[in-house]
Amino acid sequence: MERRLGDRRRGADVRVEAPIDATAADKAERDLVASGWKREDATNGDVYVTENPDWLGGRGVDGYGITYLFGDGFVKVADTKQSLVLIDWPPSQR
């Protein structure tokens, strides 16, 4: 389910949420970390995977650029970790 998608060339932000099974989520997490992304465990069992802070070049918020949030059956991605809180499933999809 795409919630918002912007064109980064125009400075717009990107926020997307989609369903994902555990096998695909584990593979995506491993592949991102293997390519230099940073993994963080959330207090509720979810997992954040964010760009390496060395790649940000002044963009991002609090050292976080593009960030994925993997949870139970879903993945969210946003242009910053802070923007993840703005993503929510529509009521009909909850």
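Heads up: numbering here begins at 1 and tracks the sequence.
Here the straight-line distance linking atom CG of Asp41 with atom CZ of Phe70 works out to 12.5 Å at 0.5 Å rounding. Separating the NZ atom in Lys38 from the CG atom in Leu32 is a distance of 14.0 Å, to the nearest 0.5 Å. From Lys27, atom NZ reaches atom CD1 of Ile20 across 11.0 Å, with rounding to the nearest 0.5 Å. The line from CD of Gln82 to CG of Asp62 is 7.0 Å long, rounded to the nearest 0.5 Å. With rounding to the nearest 0.5 Å, the separation of CH2 in Trp37 from CH2 in Trp55 is 6.5 Å. Summarising the geometry, atom CG belonging to Asp46 is positioned 5.0 Å from atom CG belonging to Leu69; distances are rounded to the nearest 0.5 Å.
Side-chain contact between Glu51 and Leu56 is present, with heavy atoms from C-beta onward closer than 4.5 Å. At a threshold of 4.5 Å between non-hydrogen side-chain atoms, the residues Val49 and Thr67 do not count as touching. Taking the side chain as every heavy atom from C-beta outward, Leu84 and Tyr48 approach each other to under 4.5 Å.
Enclosure of atom CG in Asp72 is not indicated, since only 12 or fewer non-hydrogen atoms of other residues, nucleotides or ligands lie within 6.0 angstrom.
Salt-bridge annotation for Glu29 and Arg39: present, with a side-chain N of the basic residue lying under 4.0 Å from a carboxylate O of the acidic one.
Remark: side-chain polar atoms of Thr50 are not paired, donor with acceptor, to backbone N or O of Tyr68 under 3.5 angstrom.
Among all heavy-atom pairs drawn from Ala78 and Ser83, the shortest one is CB-CB, 3.7 Å.
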